[in-house]
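Read through the structure below, which is laid out as structure tokens, and then see the notes.
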Amino acid sequence: MEGDEPGSPVVSDDEADSDLEKVEFEEVGDEIDGLIEEDDSSSDEEKNTIGDIPIRWYDGYDHIGYNREGKQIIRGKRKSPLEEILDPNAWRRVYDERNDEELVLTDKELDVVSRIRAGQYTGRTTEGDEEIVPWTSSKIEIHPLPEPTEPKRRFTPSKHEAAKVEKCIESWPAYTWTVAFSLLLIFLRNVIQVVKIVRAIRAGLIVKPAKAEKYGNLYSFDVWEEKEDDEEKSKTEQARDLMRIHAPKEPLPGHAESYNPPAEYLPTEQERKEWEEAEPEDRKTNFLPTKYDSLRKVPAYPTFIRERFERCLDLYTAVRVRKEKLRINPEDLIPKLPSPEELKPFPNYVSCSATCKSPVLSISMHPAGQFLAAACDDGFVRFFEVPVLKCVAEWQLHEEAIVNVDWCPKPNVLVFAACAGPSVIIGNACSEGLGTEANAIDSRALLAGDEIGDNVSQGNEGEWTEEEDKSVEIKLKRRARNVAWHHGGDYLASVARDTTGSSVAIHRLSKRQSQVPFKKSGASAQVVSFHPSRPFIFIASKQHIRVYNLQKQVLVKKLLPGARWISSLSVHPSGDHLLVATYDMKLCWFDLDLSNLPYKILRNHDEAIREARFHPKLPLFADCSDDGTVLVSHGMVYNDLLQNALIVPLKRIDKNLAETPKLRATTLAWHPSLPWLFTSSGDKKIYLFTNVN
Amino acid sequence: MCSMSSYRAGIYPREPKKKFDGVTKTYYLTKDIQFLLHEPVLGKIREIRAYRQKIKRARAKKEYGTLKTLLRNKPTYKIDHIVRERYPTFSDALRDMDDALSLVHMFQHLPSEKSIKPHRIRNCERLAKEFQNYVATTGSLDKVFVSVKGIYYSARIGGERAVWVEPHRFTQELPKDVDYRVMLTFLEFYECLLSFVNYRLYTTNGMPYPPKMDPIGGKDDQPDVEADRAHHVQENIAQILKKQEADEDDDDDSENDDEEELQMEEEETQQAKDGTEGKEKLVFSGLKVFLGRETPVSALEFVLRAQGAKVGWDGENSPFTSDERGLTHWVIDRPAIPGKRRMDLEYVQPQWVFDSVNNSTLLPTSIYGIGVTLPPHLSPFVDDVAEGYVPKYKAYLQRLKDGDPELFKETALAVNDDSEEDMDDLDNDDDNSQKEEAESKHEDGSSDSEDEDEDEEMEEDLAKDMAEMKEEGKKQSEELAKLMMSRKKRNLYERMVHGKNRKSDQVRKLEERRDAIETKKAKKRRARSETNQ
């Protein structure tokens with residue numbers, strides 16, 4: 001090639017082009033070498049021995065290196081561009097800068113170049129004509145080829161790197177954060193890791209530790225700065241304020257807690273002992289007043305911490321309840337009632353007393369107001385004339401004690417009914433010389449009754465025997481305890497002492513007939529009473545009062561006094577009110593129009609109430625109790641249905657009797673028109689209370 | 001739940017109308033519980049719990065580097081929002097300071113223990129000191145009471161009265177049966193509250209916060225407090241004392257005493273003059289007090305400073321020593337004066353300080369002298385009308401304050417019975433006994449004259465009887481009217497009457513005891529005077 005050098009036709013191309021060519025040649029060097037070897041082996045030899053160094057290093061010299069002999073290769077003269085243009089073979093000339101020679105590409109070489117440019121194999125023999133062996137595509141697989149999915153670690157941050165980062169962060173002194181950062185940059189030198197750290201810091205995963213504030217200085221600012229005292233509270237604040245119950249403040253210490261209290265506050269020996277022996281929760285105060293004559297002698301209080309702790313406990317465990325404190329004078333609670341002075345007359349003093357021969361079990365006042373009948377323990381009924389209480393007659397009705405006596409409510413007759421043993425005896429008092437002739441006639445007429453038919457005697461519950469003009473005796477199957485007249489004076493009812501089964505019997509004097517109408521519900525009856533104007537009967541069992549309509553024979557009402565044992569029953573003259581005395585110290589006032597529950601319950605006595613009675617005319621009632629007192633009350637009933645009855649206790653009669661320290665009043669009776677009250681009891685005494693001003 | 005509700009302090013059990021889950025359960029408002037659930041601190045507490053486990057793990061794995069970092073970067077929480085929620089305004093907070101102050105004042109005296117960390121105690125100490133300093137500087141302390149439990153202080157701040165109790169200065173023995181966690185939770189809230197209150201109090205009053213705590217008693221910039229009444233009272237007392245002393249001077253023989261009295265008198269007049277000038281307005285203003293070693297120095301210093309005195313004590317940091325010129329009072333709690341008695345000042349027992357503050361006037365020092373049996377120390381918190389019983393010494397002090405001219409005629413020490421034993425006022429005793437005799441004579445005379453006019457008396461008796469009857473009738477009608485009360489009202493009435501009776505019984509008991517004690521003493525006194533004669 002050396003020989004060709006000067007005279008060989010050199011086709012000069014653009015330098016850039018030739019560079020490009022060269023690069024391409026270099027890349028496919030091996031193959032080309034193989035190709036060229038066959039034709040021109042000598043041309044392949046490198047003349048220049050400078051090695052693989054940029055040729056520009058020789059730019060300043062007139063040679064371009066050294067040949068194998070060690071002689072300089074002098075740079076030849078290049079053709080001018082004009083000459084190159086004129087040369088028809090210029091397009092196939094390539095300038096070898098390194099060896100400073102021009103090569104003329106053969107047709108073969110040109111073909112290779114063009115093939116390479118087209119992206120084909122260099123040799124024509126290696127054209128993609130070979131048979132393709134279908135290694136895999138011959139079979140059609142039903143499953144995809146086992147192309148493994150990308151492992152997760154390709155997508156997640158590297159744990160190894162994370163551990164590395166963490167390690168640096170951990171050993172990162174908080175106080176030199178910036179220094180640490182720069183140090184890290186220097187030491188790590190790993191740009192990726194630094195970028196990761198920066199990203200972590202930006203994402204807030206690495207937080208610069210805040211400088212811990214000193215404990216005491218944590219709250220040195222004005223928490224109420226934006227809120228003035230007079231500023232209105234927000235709605236939630238208001239609501240929470242309303243709901244909040246402030247804890248009560250601790251009670252402030254009194255004189256007794258002083259280290260040097262006044263002598264009167266110091267406990268006595270006994271009090272001290274009591275305090276020491278009591279359980280801590282039972283003590284009235286949690287300390288014992290003690291006197292120290294000097295301040296230096298005061299010791300530590302042993303339960304100081306405990307008390308503070310208990311206060312804390314109270315603050316968060318004690319139930320808080322809003323309690324309305326009553327700011328009332330207790331005297332204001334006493335109802336304002338009309339003064340008893342305004343409600344006169346009422347019996348207030350004993351005007352007269354009489355002694356009976358035997359204990360009195362029951363008394364009854366004649367409706368004409370002249371005679372008082374007293375049922376005595378010895379089987380006598382004794383008659384006293386009012387107002388002097390002189391015993392005008394006595395009549396032995398029975399051998400046994402007379403338990404109850406009741407005058408016939410007709411004022412013109414002097415007929416009474418009494419219970420003794422199993423019999424009810426209706427007596428004519430005129431036969432004992434009482435009353436006028438007119439009274440005697442009327443009484444006899446009443447007692448005689450109608451003609452008695454045979455059919456009436458059938459089904460008669462009582463055995464009627466009579467003594468002409470004097471008395472009628474009804475013998476019952478059971479012992480009687482109570483008798484009550486109907487206002488007509490013909491009927492009377494009796495209650496048996498034995499309360500099992502039907503105990504109420506109704507007797508008709510004119511027909512000499514006895515009936516037991518309440519077969520079942522009459523059981524356990526205690527007292528019985530007729531309505532003063534309507535055909536009603538009140539039957540009190542131990543705990544209830546039943547009101548029956550006798551005409552229709554139906555139960556009208558059942559009253560519930562809420563008592564355990566009713567002792568007595570009194571119907572108001574109007575018939576709309578009922579007074580029920582009970583052994584359990586209650587006195588119940590029923591307003592029949594109002595309810596079947598008591599209108600008023602009066603607990604006036606400390607012991608059982610034996611009897612309570614309305615005055616037949618005046619707005620008065622009285623009740624007597626085992627505690628030895630009689631309470632006279634005003635009980636005004638109004639015609640106006642809207643106005644409830646007015647009840648005013650007027651006088652408690654107990655200590656006005658010098659001779660009997662305790663008046664054991666067990667029975668009482670009112671005068672029919674005057675405000676006079678009679679009481680009697682087992683002590684054989686009968687008292688008359690009148691209205692003394 | 002428990003600790004949260006105590007933080008919240010506004011959440012506590014309620015009394016439902018019907019206890020659906022039985023009476024043994026505690027019931028809260030659902031709303032309150034919802035409120036707690038939304039509490040930001042709750043999240044923080046959970047975070048701390050998780051963090052604690054991290055620490056535990058690091059410790060177990062012996063990762064000491066991690067452990068160190070973890071321990072350094074512990075998460076914390078703040079509860080200022082709870083304070084703001086609980087006390088929306090500053091005045092709300094002032095209204096509820098009692099418990100906070102008492103607990104903080106207690107904890108500052110507790111020994112540090114496993115659960116009670118020293119930094120908490122230090123913080124309590126700081127807060128208490130700051131608060132006391134504020135009270136002392138503004139002169140808002142109005143009452144002090146030394147009880148067997150501790151010392152009660154009462155201060156008026158922003159129109160609200162704060163009362164707190166500080167235990168006597170002894171090492172507190174920590175009881176075992178107390179749950180300190182509960183108290184510490186409360187304390188945390190109270191510390192926060194007190195910090196805010198202190199900050200606000202200082203900053204709104206133009207004082208620097210945190211304050212520079214200087215142990216020098218008596219500040220120059222005393223705030224102006226209206227105390228005209230106190231001056232008036234002081235004047236009165238000064239006058240009375242002058243008279244009293246004049247009387248006593250006549251009796252006293254020893255020259256030494258005379259001199260002392262004179263000095264006292266001078267001082268009193270000086271004080272009275274000061275009062276009229278109207279410069280000093282606090283009880284102890286202008287006084288220079290020295291505290292003995294055996295006295296409760298911190299309490300006394302606080303009280304005296306709060307009422308305007310300059311205070312020095314026998315110990316460290318004292319602004320002046322006992323040799324200081326111009327000392328007016330020396331507080332001593334010993335049976336006798338140590339060393340030589342100084343003539344230029346007065347020796348008093350500590351109770352004089354407290355009683356003077358409570359009566360807002362300087363009480364006569366003779367009652368509280370060294371070696372003298374002290375008069376009773378009375379609670380300033382007692383409402384006499386509500387209590388119904390007024391101790392004799394209180395009545396005496398009231399008369400002293402009112403300037404009762406009768407007072408100096410009587411023995412000033414009559415109230416202070418025991419002290420008479422040491423004093424030489426036997427003459428007075430004699431006077432008393434003579435007076436008593438005279439009285440009894442007078443009574444006899446009146447009984448003699450009874451026989452003279454019987455008729456008149458009869459009439460009088462009749463009238464009396466009538467009146468009695470009327471009274472009785474009225475009583476009886478009232479008794480009867482009571483029968484008409486409903487059961488509910490009657491029960492209420494009975495309860496009220498019972499309460500009233502119990503109170504009056506208590507008062508009667510106290511009166512009876514006092515009378516018994518007094519008669520005993522009078523007898524003793526008489527016996528003594530007889531033996532002397």
Side-chain angles (χ1 to χ4, degrees), chain A residues 170-171 174 209 215-216 218-224 227 229 233 237 240 244 249-250 252-255 257-264 287 290 293-296 298 300-301 304-306 308-309 311-313 315-321 330 333-335 337 339-340 602 604 647 649-650 652, chain B residues 5-6 10 12-13 15 65-66 69 73 80 83-84 88-91 98 103 106 119 123 126 145-150 152 167-168 170 172 175 178 182-183 186 192 195-196 199-200 294 333 350 374 376-379 381-382 391 477 480-485 489 493 496-497 510 513-514 517:
Chain A
E170 273 169 16
S171 54
Y215 182 75
L218 215 52
Y219 302 114
S220 288
F221 59 94
D222 194 351
V223 77
W224 297 284
K227 189 108 192 167
D229 277 3
K233 288 172 183 168
E237 278 172 357
R240 287 200 61 76
R244 184 174 290 146
K249 295 206 165 186
E250 277 184 295
L252 292 169
H255 298 312
E257 214 183 299
S258 165
Y259 85 96
N260 180 14
E264 58 265 27
F287 65 94
T290 328
D293 53 1
S294 166
L295 191 54
R296 69 173 185 278
V298 181
Y301 186 61
F304 192 91
I305 296 172
R306 225 209 125 71
R308 295 275 20 117
F309 171 64
R311 171 69 180 168
C312 288
L313 276 189
L315 281 177
Y316 89 99
T317 56
V319 176
R320 293 190 200 166
V321 185
L333 287 170
I334 299 171
L337 293 174
S339 149
L602 305 166
N604 300 341
I647 304 169
L650 293 173
R652 188 187 286 278
Chain B
S5 64
S6 54
Y12 38 83
E15 187 82 3
T66 320
T69 327
N73 301 335
D80 52 332
V83 172
R84 198 184 292 116
T89 60
F90 180 53
S91 48
D98 292 10
L103 204 64
M106 182 189 85
H119 72 273
N123 193 37
R126 179 182 68 90
F145 176 55
V146 185
S147 125
V148 286
K149 295 181 180 176
Y152 287 85
H168 294 298
F170 290 101
Q172 298 290 326
V178 165
V182 170
M183 275 207 283
F186 268 96
C192 176
S195 298
F196 288 138
Y199 185 86
R200 175 95 176 191
E294 66 288 346
D333 196 1
L374 287 168
H377 179 56
L378 300 173
S379 169
F381 302 112
V382 174
S477 69
L480 290 168
K482 270 182 215 163
L483 298 174
M484 292 307 293
M485 279 198 271
K489 273 193 177 172
Y493 176 84
M496 287 171 100
V497 169
L510 285 173
R513 266 190 202 171
R514 183 178 68 188
I517 291 165

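Residue numbers begin at 1 in each chain, while the letters A, B, ... track the order of the sequences.
- Between the side chain of A:R652 and the backbone N or O of B:L480 there is no donor-acceptor pair closer than 3.5 Å.
- Contact annotation for A:V298: both backbone and side-chain heavy atoms come within less than 4.5 Å of a heavy atom of chain B.
- Side-chain N or O atoms of B:R514 include none that pairs as donor or acceptor with a backbone N or O of A:A263 at under 3.5 Å.
- Residues B:R84 and B:F196 have side chains not in contact (no heavy-atom distance under 4.5 Å, counting atoms from C-beta outward).
- B:E294 places a side-chain N or O within donor-acceptor distance of the main-chain N or O of B:D333, the cut-off being under 3.5 Å.
- Only the side chain of A:F287 comes within contact range of chain B, with at least one heavy atom under 4.5 Å from a heavy atom of that chain.
- One distance of note links CG of B:N123 with SG of B:C192; it measures 10.5 Å at 0.5 Å rounding.
- When heavy atoms are compared at a cutoff of 4.5 Å, B:R126 approaches chain A solely by way of its side chain, counted from C-beta outward.
- No other option in A:I647, A:L313, A:L602 has as many heavy-atom pairs under 4.5 Å with chain B as A:I647.
- Only the side chain of B:D98 has a heavy atom closer than 4.5 Å to any heavy atom of chain A.
- Proximity to chain B (any heavy atom under 4.5 Å) is restricted, for A:D293, to the backbone atoms N, CA, C and O.
- When each of B:M496, B:M485, B:R513 is checked for heavy-atom pairs under 4.5 Å with chain A, B:R513 comes out on top.
- For chain B, the nearby part of A:L337 is the side chain; its heavy atoms alone come within less than 4.5 Å.
- For the set B:H119, B:M484, B:K482, the count of heavy-atom pairs under 4.5 angstrom toward chain A peaks at B:M484.
- Looking at A:S339, neither its backbone nor its side chain comes within 4.5 Å of chain B, counting heavy atoms on both sides.
- The part of A:R311 that comes within reach of chain B is its side chain, from C-beta onward, which places non-hydrogen atoms under 4.5 angstrom from that chain.
- In this structure, the portion of B:H168 lying under 4.5 Å from any heavy atom of chain A is its side chain and not its backbone.
- Only the side chain of B:Y199 comes within less than 4.5 Å of a heavy atom in chain A; its backbone stays farther off.
- Between B:M183 and A:I305, the closest side-chain pair of non-hydrogen atoms falls below 4.5 Å.
- At a 4.5 Å heavy-atom cutoff, the contact between B:L378 and chain A is made by backbone and side-chain atoms alike.
- In terms of modelled atom types and a separation under 3.5 Å, the side chain of A:H255 and the main chain of B:P391 share no donor-acceptor contact.
- Your options are A:N260, A:L650, A:L295, and the one with the most heavy-atom pairs under 4.5 Å with chain B is A:N260.
- No other option in B:P167, B:G150, B:P175 has as many heavy-atom pairs under 4.5 Å with chain A as B:P167.
- Looking at A:P261, only its backbone comes within 4.5 Å of chain B, counting heavy atoms on both sides.
- The line from CG of B:L374 to OH of A:Y259 is 5.0 Å long, rounded to the nearest 0.5 Å.
- The choice from A:R296, A:E250, A:R306 that makes the most heavy-atom pairs within less than 4.5 Å of chain B is A:R296.
- Heavy atoms closer than 4.5 Å to chain A are found in the side chain of B:Y152, but not in its backbone.
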